[in-house]
Amino acid sequence: MSHSLFLGFVLHRRDYRDTSLLLELFGIGQGRLAAIAKGARRPRQIASALLQPFQPLWLAVSGRGEVKTLTAVEAAGPPFALIGPALVSGFYLNELLLRLLARQDPHDRLFVFYQAALAGLAEGAELERSLRRFECQLLAELGYGLNLERVADDGSPVMPERVYIYDCESGPRALDSGAQGPRVSGATLLALARDDALDPVQRREARNLLRHALAPHLGGRPMQSRELHRHWFGRAPCPKP
């Protein structure tokens with residue numbers, strides 16, 4: 001079975017046999033899929049230079065199995081130029097998609113969100129805000145959207161001046177409810193819900209909240225992009241995935 005060209009990105013690549021590449025792709029109408037680029041590592045092969053993360057591509061694949069064969073690749077625009085912390089943040093987005101998406105399950109809205117997140121990172125947008133936005137969008141698209149505006153105990157509106165315990169099964173709970181989870185202010189919850197700018201305290205709370213919300217879906221293995229951030233930047237005061 002063959003497909004016409006679709007818009008996509010390389011999430012990950014590694015050498016395969018003597019001259020080929022094994023790719024993890026994310027594409028419109030395709031979702032996440034694996035494909036072999038046969039002969040892509042031979043000398044003077046343009047495909048090898050194109051098949052890089054953060055490069056928008058027109059792709060075509062063929063095959064009936066879980067691992068397809070790449071049959072066409074061409075640039076769909078310039079690559080997103082990610083440097084320093086923005087580059088590590090881009091790797092973090094890719095790792096989230098690799099870890100959370102099942103293969104061959106289309107998520108076209110999420111593809112649009114991913115492309116917008118890469119554009120924001122390349123344009124120098126606030127990293128923490130871009131990452132938290134995408135994490136919320138990803139959870140929502142997978143059916144695990146966060147309740148950020150209603151108190152789980154009684155359905156009342158979240159109050160910005162109050163502090164809550166966030167229960168990932170139900171949402172914000174009163175501090176005396178006995179719920180387990182991170183503490184987070186109502187102001188942070190509402191800022192996330194409205195995609196508002198976050199002050200330093202809210203950035204820390206939002207990061208802890210999203211890590212807590214993502215953890216059950218990521219399994220026990222550590223995120224390699226977080227380790228990469230620590231290796232490259234140590235304790236430097238830049239945003240962390």
Answer yes if V201 and L192 sit in the same cluster of Ile, Leu, Val, Met, Phe, Trp and Tyr residues linked by side chain heavy atoms under 4.5 Å apart, and no otherwise. no
So if you build clusters from Ile, Leu, Val, Met, Phe, Trp, Tyr with side-chain heavy-atom gaps below 4.5 Å, do F6 and V112 land together? no
Using a side-chain heavy atom cutoff under 4.5 Å and only I, L, V, M, F, W and Y, what cluster partners does I165 have? V163, L175
Which residues, ordered by chain and number, are linked to V67 in its hydrophobic cluster, where ILVMFWY side chains connect at heavy-atom gaps below 4.5 Å, directly or through other members? Y16, L22, I36
Taking side chain as C-beta onward, heavy atoms only, is [X] less than 4.5 Å from [Y]?
X: Y114; Y: L11; value: yes
X: L96; Y: L218; value: yes
X: R32; Y: L98; value: yes
X: T69; Y: V61; value: no
X: C136; Y: L210; value: yes
X: N208; Y: V184; value: no
X: D167; Y: Q180; value: no
X: L21; Y: L70; value: no

Is it true that [X] and [Y] make a salt bridge, defined as a side-chain N closer than 4.0 Å to a carboxylate O?
X: R183; Y: E205; answer: no
X: R132; Y: D195; answer: no
X: D15; Y: R41; answer: yes
X: E135; Y: R211; answer: no

I'd like to know whether R133 forms a side chain to side chain contact (heavy atoms under 4.5 Å, CB included) with F113, so could you lay out the CA-CA distance, the side-chain angles of the two residues, the decisive distance to 0.1 Å, and finally the verdict. CA-CA 9 Å; R133 179 192 300 126; F113 295 147; over 6 Å; no
Interatomic distance, [X] atom [atom1] to [Y] atom [atom2] [nearest 0.5 angstrom]:
X: S185; Y: Y164; atom1: OG; atom2: OH; value: 9.5 Å
X: Y92; Y: L131; atom1: OH; atom2: CG; value: 7.0 Å
X: Q202; Y: L189; atom1: CD; atom2: CG; value: 9.5 Å
X: E126; Y: L121; atom1: CD; atom2: CG; value: 11.5 Å
X: L198; Y: E128; atom1: CG; atom2: CD; value: 8.0 Å
X: R204; Y: L209; atom1: CZ; atom2: CG; value: 13.5 Å

Return yes if some donor-acceptor pair links the side-chain N/O of [X] with the main-chain N/O of [Y] below 3.5 Å, else return no.
X: D108; Y: I28; result: no
X: R150; Y: G155; result: yes
X: D153; Y: A174; result: yes
X: K68; Y: G63; result: yes
X: S89; Y: P85; result: yes
X: R173; Y: A152; result: no

Using the side chain to side chain donor-acceptor pair (under 3.5 Å) rule, pick out the option among R13, H12, R103 that qualifies with E24. R103
So which atom in [X] and which in [Y] form the shortest heavy-atom distance, rounded to 0.1 Å?
X: P106; Y: Q104; result: CD-O, 3.7 Å
X: L97; Y: L110; result: CD2-CD2, 3.8 Å
X: E149; Y: L190; result: CG-CD2, 4.2 Å
X: A213; Y: C168; result: CA-SG, 3.5 Å
X: Q55; Y: A75; result: NE2-CB, 3.9 Å
X: A197; Y: A191; result: O-CB, 4.4 Å

Mind checking ring pair (Phe, Tyr, Trp, His ring centres under 6.0 Å) for F111 and listing every partner two or more places apart, or none if nothing turns up? F9, F26
Candidate list L7, L50, L25, L5, test side-chain contact (heavy atoms from CB on, under 4.5 Å), partner L57, passing option: L50
Does [atom1] in [X] sit with more than 12 non-hydrogen atoms of other residues, nucleotides or ligands closer than 6.0 Å?
X: R109; atom1: CZ; answer: no
X: D154; atom1: CG; answer: yes
X: E74; atom1: CD; answer: yes

Under a 3.5 Å cutoff, is there a donor and acceptor pairing between the side chains of Y166 and N147? no
Carefully, step by step, assess F91 and Q224 under the rule side chain to side chain contact (heavy atoms under 4.5 Å, CB included). CA-CA 9 Å; F91 286 139; Q224 293 183 359; over 6 Å; no
Taking the six-membered ring for Trp, are H217 and Y144 ring centroids under 6.0 Å apart? yes
